[in-house]
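Position 1 is the first residue of the sequence; numbering continues from there.
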Amino acid sequence: MPPNFSINLQPITLSISQSDIVSILVIVVVFFAILLVLGIRKSYKLKKENERLDKISEEMAKQEEKYKDFTDGHMYGGN
């Protein structure tokens, strides 16, 4: 004789109030707002650093150092 299993198929009712939904949404919005602010801040810092490096690069390009042959005194040098 097979065992008699009784299965309770009553729907589960979740009681989530409107205030719970609002509080969860507020937490999510605050989290993403913080991420947005941190991203904008990081972007600003990277832009500032890029401008600084461009300025240094331009200054180095303006300096016209002539090539100096450093192999003259080398023992394996050509001449």
Interatomic distance, [X] atom [atom1] to [Y] atom [atom2] [nearest 0.5 angstrom]:
| X | Y | atom1 | atom2 | value |
| --- | --- | --- | --- | --- |
| Glu51 | Lys47 | CD | NZ | 6.0 Å |
| Leu53 | Glu58 | CG | CD | 11.5 Å |
| Glu49 | Leu46 | CD | CG | 8.0 Å |
| Leu38 | Ser43 | CG | OG | 12.5 Å |

Next on the checklist: Would you say Ile27 ends up clustered with Leu35 if hydrophobic residues are merged whenever their side chains have heavy atoms under 4.5 Å apart, either directly or through other cluster members?
Outcome noted: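 Per the 4.5 Å side-chain linkage, Leu35 and Ile27 are not co-clustered.
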Next on the checklist: Are Phe31 and Val28 linked, directly or through intermediate hydrophobic residues, by side-chain heavy-atom contacts shorter than 4.5 Å (ILVMFWY only)?
Outcome noted: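 In one cluster: yes.
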Checklist entry - Does Ser23 reach the main-chain N or O of Ser19 with its side chain, forming a donor-acceptor pair under 3.5 Å? => result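 Pair found, side chain donor or acceptor close to backbone of Ser19.
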Next on the checklist: Test of understanding: with side-chain contact (heavy atoms from CB on, under 4.5 Å), list the residues that count as partners of Leu25, not counting sequence neighbours.
Outcome noted: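 Ile21.
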Item to check | Sequence-distant partners of Asp20, side-chain contact (heavy atoms from CB on, under 4.5 Å), two or more places apart | outcome: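 So Asp20 forms a side-chain contact (heavy atoms from CB on, under 4.5 Å) with Ile16, Ser17.
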